[in-house]
Amino acid sequence: MRLSNFFLSTLREAPADADVVSQKLMLRAGMIKKLASGIYTYMPMGLRSIRKIEKIIHEEMAAAGAVELLMPVIQPAELWMETGRWQKYGPELMRVKDRHGRDFIVQPTSEEAVTDIARNEIKSYRQLPVNFYHIQTKFRDERRPRFGVMRGREFTMKDAYSFDRDEAGAAKSYDAMFKAYQRIFTRMGLNFRAVKADTGAIGGSRSHEFQVIADTGEDAIAFCPDSDFAANIELAEALPLLTTRASPAQAMMKTSTPGRAKCEDVATLLNLPLAQTVKSIVLAAEKADEKGNPLAAEVWLLLLRGDHELNEIKAAKIAGLNKGFRFATESEIVEHFGCKPGYLGPIGLKKPVQLVVDRTVANMRDFVSGANEEDFHFTGVNWSRDLPEPALVADIRNVVAGDPSPDGKGVLEIQRGIEVGHVFYLGTVYSAPMKATFLDEDGKPKLLEMGCYGIGVTRLLGAAIEQNHDDKGIIWPDAIAPFEVVICPLGYDRNEAVKAAADHLHKELMAAGIDVILDDRGERPGVMFADWELVGVPHRVTVGDRGLKENNVEYQHRRDEKATVVPVPVIAHLVKSKIARLAAAPSE
RNA sequence: CGGGGUGUAGCGCAGCCCGGUAGCGCGCCUGGUUUGGGACCAGGAUGUCGUAGGUUCGAAUCCUAUCACCCCGACCA
């Protein structure tokens, strides 16, 4: 490809509304252009990378036995009513009406559409297993789209859906997709981690996320460097940090802590470690009678060590809180504790509350907690002696770095990541309400066992950049770079020798199947270098008359400090050998 | 949805407080000189000042409404 036949438009300054580095660089490199909030045009340069990502996905999906189809962007509301998601999905689901006033949605995902295909097409166990996938535009009307293509409203997703006879079959399909995902992200040259994940609103029981490691990621990942344990922090189990409870050493005392409403301040004032304090978090669970009339909310008190954070996902799994909860209002707190937030504790309540004690707190002794009286805390508090043994002990906190790994094999570390893929086991969550059955060997209808598997294609673009950039611009992994190699001739428009050598190399690399672009603008070197470093093409060959006099050109990888002088006869071979291409998995 | 902020040339911004008919840098066009890290000189083009209404002899500037966008929060896979 010659640049004169392509389209390059770079900006020296990023538009002011871009906030994350990947978005700024993509806008500056002319890969995307914003049309509306969370809605982007993929410019020629950006689209090339997207197509490369898609190609890898297609190859690995085929290798894993998935079959491509293409389901519509616009889907009838009736399908979504069958599964209840027309009501449940909320305003993120883009709803539209046709000219007859019929309701449709713009798909945020395709479980309903694919299950509809399955129930119509899959009649016999002999047709199973099958895995349908497509790469299609999605729309989620996020309240606050941000981070460019990382959290856009319109985006491209690969979604696959497996159908199996039974759970064992579904587990096999799940594993096949899991392995395919590992190959996909490996081939893209990304540093990623597969982590155990919460199953969230989609439901089901087994789930992994694929996270691209980047400090700017929205998700926190807990992993153990000494084992293969890795989980989203939402899910990572926090073991008790104290395995046994020591006997009390202090008497309980009410201590004046004026104006110290936070555990940190109390610990500082009393000159105690933060880990000696206990924080009180008050939640409210809405209640209703059999007729659905609202009753007064039930108030819950959760106790965590002062240096720990509540994990709301874990809390939401406790019976009584699993129907939904919120933070209690100040009036609810005063009503039950007789005190404002900041000095709350489990001792001396005005009205009974439901108590949940974190595993670590359950084994603490001589701890500090609020006295339910403004400006006072208790010190030296002990279970059994000063308050009843906790009835409900649970894991309700986020793990922190240094916690023991739940598999008992070391200590956890925390990393940040960008979720670019997920695999879910769905079971019959969709097949049951949509009555998607097949005839099994025994001649009886059975519900299809399903799994779903997503990859955020356009998000990958942002994630790859968040992981691979420097102050000059993007540094693409070879596999998803818009071009693998750029040839920068110095004086293409005025030096015959340079032009001839550059043209020759361009032809040679093209013939070798290398994705090369020749910058034939005749620009000054600084302009060319700055542009291509911004765009992030990983390999660069510079052709100048100075080198050509010695029959040399220069090679420089985007990560190299300096260029290497290379004799003209070997440059093509050198470039070929530098480009890392992982072969597709063998297709079945 | 709550709080905060911003809309002026393709991009980045000044001008607004204190009303007088729009400017700077980059980019773009023409000519010339240059040519190994975002060149220089000369000339040039580009604006419904987000939109609508109002005040005024006169509005980018003041007032009202509205829209869009961004940030923080809430919300959400």
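Chain letters run A, B, ... following the sequence lines, proteins first and then strands; every chain starts at 1. Keep in mind it's a predicted model, so treat the numbers as computed, not measured.
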Can you tell me, in whole Å, how much space there is between the [atom1] of [N] and that of [M]?
{"N": "B:G25", "M": "B:C76", "atom1": "C1'", "result": "42 Å"}
{"N": "B:A42", "M": "B:U8", "atom1": "P", "result": "30 Å"}
{"N": "B:G4", "M": "B:A60", "atom1": "P", "result": "28 Å"}
{"N": "B:G7", "M": "B:U61", "atom1": "P", "result": "12 Å"}
{"N": "B:G27", "M": "B:A74", "atom1": "P", "result": "43 Å"}
{"N": "B:U48", "M": "B:G38", "atom1": "C1'", "result": "35 Å"}
{"N": "B:A59", "M": "B:C70", "atom1": "P", "result": "32 Å"}
{"N": "B:C49", "M": "B:C24", "atom1": "C1'", "result": "16 Å"}

Atom-to-atom span, [atom1] of [X] to [atom2] of [N] - whole angstrom:
{"X": "A:L8", "N": "B:G27", "atom1": "CG", "atom2": "P", "value": "14 Å"}
{"X": "A:Y555", "N": "B:G36", "atom1": "OH", "atom2": "C1'", "value": "19 Å"}
{"X": "A:L426", "N": "B:A77", "atom1": "CG", "atom2": "P", "value": "15 Å"}
{"X": "A:I455", "N": "B:A77", "atom1": "CD1", "atom2": "P", "value": "21 Å"}
{"X": "A:F139", "N": "B:A77", "atom1": "CZ", "atom2": "C1'", "value": "16 Å"}
{"X": "A:R494", "N": "B:A39", "atom1": "CZ", "atom2": "P", "value": "13 Å"}
{"X": "A:L93", "N": "B:A77", "atom1": "CG", "atom2": "C1'", "value": "14 Å"}

Can you find a donor-acceptor N/O pair under 3.5 angstrom joining the side chain of [X] to the base of [N]?
{"X": "A:R28", "N": "B:G27", "answer": "no"}
{"X": "A:E142", "N": "B:A77", "answer": "no"}
{"X": "A:E523", "N": "B:G37", "answer": "no"}

Decide if the gap between the ring center of A:F185 and the ring center of A:F192 is smaller than 6.0 angstrom.
yes

Base, sugar-phosphate, or nothing: which does [X] touch, judged by heavy atoms less than 4.0 Å apart?
{"X": "A:E218", "result": "nothing"}
{"X": "A:G491", "result": "nothing"}
{"X": "A:Q23", "result": "nothing"}
{"X": "A:R140", "result": "sugar-phosphate"}
{"X": "A:A18", "result": "nothing"}
{"X": "A:L490", "result": "base"}
{"X": "A:R540", "result": "base"}
{"X": "A:G522", "result": "nothing"}

Find out whether A:N311 and A:I396 are in side-chain contact, i.e. whether some heavy atom of one side chain is under 4.5 Å from a heavy atom of the other.
no

Taking the minimum atom-to-atom distance to the side chain of [X], which one of [options] wins?
{"X": "A:R524", "options": "B:C69, B:A39, B:C13", "answer": "B:A39"}
{"X": "A:D545", "options": "B:G38, B:G36, B:G37", "answer": "B:G36"}
{"X": "A:R12", "options": "B:G12, B:U35, B:C26", "answer": "B:C26"}
{"X": "A:D17", "options": "B:C76, B:G38, B:C70", "answer": "B:C70"}
{"X": "A:E13", "options": "B:G36, B:C11, B:G38", "answer": "B:C11"}
{"X": "A:T542", "options": "B:G36, B:C11, B:G12", "answer": "B:G36"}
{"X": "A:E92", "options": "B:G38, B:C76, B:A77", "answer": "B:C76"}
{"X": "A:R146", "options": "B:A77, B:G36, B:C75", "answer": "B:C75"}

Please tell me if A:K34 has a side-chain N or O lying less than 4.0 Å from either OP1 or OP2 of B:C70.
yes

Short side-chain N/O contact to B:C70 OP1/OP2 from A:S37, under 4.0 Å
yes

Across all strands shown, which nucleotide pairs with [N] by Watson-Crick or G-U wobble geometry, both distances under 3.5 Å?
{"N": "B:G2", "result": "B:C72"}
{"N": "B:U35", "result": "none"}
{"N": "B:U51", "result": "B:A65"}
{"N": "B:A14", "result": "none"}
{"N": "B:U30", "result": "B:A42"}
{"N": "B:U56", "result": "none"}

No-hydrogen, no-angle side-chain donor-acceptor test under 3.5 Å, [X] and [Y]:
{"X": "A:Q556", "Y": "A:R540", "answer": "yes"}
{"X": "A:D159", "Y": "A:Y161", "answer": "yes"}
{"X": "A:R85", "Y": "A:Y430", "answer": "yes"}

Is the NZ or CZ atom of A:R558 positioned over A:W532's six-membered ring, under 6.0 angstrom from the centre and within 45° of the axis?
no

5' precedence on RNA chain B between A:P525 and A:A14 (nearest-nucleotide basis):
A:A14

Assign each of A:N232 and A:A563 the nucleotide of RNA chain B bearing its closest heavy atom; nearer the 5' end lies the nucleotide of A:A563

Please work out whether the ring planes of A:F210 and A:F178 are parallel, tilted or perpendicular, with thresholds of 30° and 60°.
tilted

Reference residue A:M94; test side-chain contact (heavy atoms from CB on, under 4.5 Å); the match among A:F139, A:Y89, A:F104
A:F139

Run through A:T564, A:L490, A:T542 and flag the one making a side-chain contact (heavy atoms from CB on, under 4.5 Å) with A:E554.
A:T542

